[in-house]
Amino acid sequence: MSRTRNGWLLPVSLLLALLLGLLPLPTTLQPFRPYWLALVLAFWVLEDEDRVGLGVAFLAGVLADIAYGGLLGEQSLRLVVMAFILQRFRNQLRFFPMPQQALAVGGLLLNDRVISAGLRLALGEPQLPAGYWWAPLVGLLLWTPLFVLLDSLRRERRG
Amino acid sequence: MPSYPGRSSAPRSGDVAGTLRLLAYLAAAIALMVLDHRGGWLGQLRQQGEVVMQPVWWLAGLPGRIGDSARGTARTHGSLTEENRTLRNALLISGARVARLQAAEDENRRIRALLGAAQRGGLDVQLVPILDIDLDPSRQRLVLDGGSRDGVRLGQPVIDAGGVVGQIIAATPTTSTVLLITDPAHAMPVEVARSGVRLIVYGNGRSDQLSLVNVPLSSDVKVGDRIVTSGLGGRFPGGFAVGTIATLRPDDSRAFLIGEIRPAARLDRGRDVLLLRQTASARPVPAAVAGPAQGPAGGTPGADAGAIVPAPATAIGAEAFVRPAAAAPPPPAAPVPSAQAASPSAPAPSAPEPTP
């Protein structure tokens, strides 16, 4: 029942993640832009299994593809794969200490970059510059603050 | 890992169902990608989606706009005076150039009239601000803060002060998407300004270079040559700067040359771009006059000037149309169209190879 009260947090956080991905950055910083949408989605898959699963991941991916002007379905595939792995290891991940959890999320983000590179290879599109491989590391560092922030927002509402 | 009560045989069926759902979603995503990759069957869907995305883009562009206006208000008197001075000088120089080009254009028109060639359409530009958001880094696209409501049409060529930027591939009521010439999906017919050799320039996904492939070894192309649009194909009018050849080397087969071109336009970041629209009024009139007199001559040479874009507003004339939202005052914009309108006339589009 408490879930109905903070129902706004899920769509708002996903929308914010989408916006953060679109925000203009200086060209030198662009490769370091973390995959915000994946981070936020990972939080929700871990914390709210009932509402957020593969379907939400797929829809969020389609929306992101339209918003970023990318190939339709690419981010859907990446996010669905990530959500599936998170669901499989949810029970372990939830009881990991925070640094270990961050490491696992960093690994997932790296895996996501590998999938993305594989897709580009399969579709014959040019690869991103090597600098973009730093983005998972930034995501790893951001996981803990993001988790704490979203979790506190969630709990605060619950009272 | 087995430090917690592990799930035993009961959730096996759940695992299978989960895997099946994963496979279903993966199949759906792959189907979407394949459909989107080959052919634009999803174009309609994407168009609808982009209409939905407009508020998101608007929101994402907001910080950039706020930053701009903050920077604008924080300008000191000194820097404004300095900028004013440099702009004044630039305007003076451009004005002189325009005057010279005007004379050349007049002369060109007289000579063309003597030759009996059809008049080329006058060019007309529209200043449109760039919506400051970062799209998918692997795709060379831009979103403009102006859409079909402002007169942006599909297929319009986009230029900046340096040269060709790209073309409009999607227009929603308030935004439009530009495919940059550096996108791997973009190819453009060009010619070497010096020798008139016709080539095709491809994008390769990097914002600072374009590719030149299949250049015959015997052709008269050198490093440092200026490349301009040839006007063939009908999408881009002839004579706009594309870039300069940076490198040229034999390809693997040693039968052709491949090269890299440094784009002339500032593709990485600017504030505004210019959309070209061919004024339909300038073309049909001479065609109607020249048509009965010279028969087939009316259609052939000038036809490159814009068969694709049916300019809807025929009565706008050759004035630069500045969006009211753009803070830029009209005077700096006004000389540009005349300069651009004049320059394409210089390389004659109807005679790519001078006959000896």
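Proteins come first, then strands; the chains are lettered A, B, ... in the order of their sequence lines, and each starts at number 1.
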Worksheet item: With only heavy atoms counted, which part of B:Ala24 is less than 4.5 Å from chain A, the side chain, the backbone, both or neither?
Response: neither
Discussion item. Counting heavy-atom pairs closer than 4.5 Å to chain B, which one of A:Gly70, A:Ala57, A:Ala83, A:Pro31 comes out on top?
Written reply: A:Gly70
Worksheet item: Any side-chain donor-acceptor pair under 3.5 Å between B:Thr172 and B:Gln54?
Response: yes
Item to complete: Identify which of A:Val62, A:Leu54, A:Asp65 forms the greatest number of heavy-atom pairs closer than 4.5 Å to chain B.
Response: A:Leu54
Worksheet item: Considering only heavy atoms, which portion of A:Phe95 lies under 4.5 Å from any heavy atom of chain B: side chain, backbone, both, or neither?
Response: neither
Worksheet item: So, A:Arg88 and B:Thr19: side-chain donor and acceptor under 3.5 Å apart, yes or no?
Response: yes
Discussion item. Can you confirm whether the side chains of B:Gln167 and B:Arg235 place a donor and an acceptor under 3.5 Å from each other?
Written reply: yes
Worksheet item: For the candidates B:Leu32, B:Leu62, B:Leu22, B:Val52, which exhibits the highest count of non-hydrogen atom pairs separated by less than 4.5 Å from chain A?
Response: B:Leu22
Fill in: Contact class of A:Leu63 relative to chain B, heavy atoms under 4.5 angstrom
both
Worksheet item: Quick one: do B:Asp183 and B:Arg141 make a salt bridge, cutoff under 4.0 Å?
Response: yes
Practice prompt. Taking atom types as modelled, find out whether A:Tyr35 and A:Gln75 have a side-chain donor-acceptor pair closer than 3.5 angstrom.
Written response: yes
Worksheet item: So, A:Trp44 versus A:Ser13: side-chain donor-acceptor pair below 3.5 Å or not?
Response: yes
Worksheet entry | Contact origin within A:Arg33 toward chain B - heavy atom pairs under 4.5 Å | side chain
Worksheet, complete the sentence: If one checks every heavy atom of B:Met33 against chain A at 4.5 Å, the contacting part turns out to be both
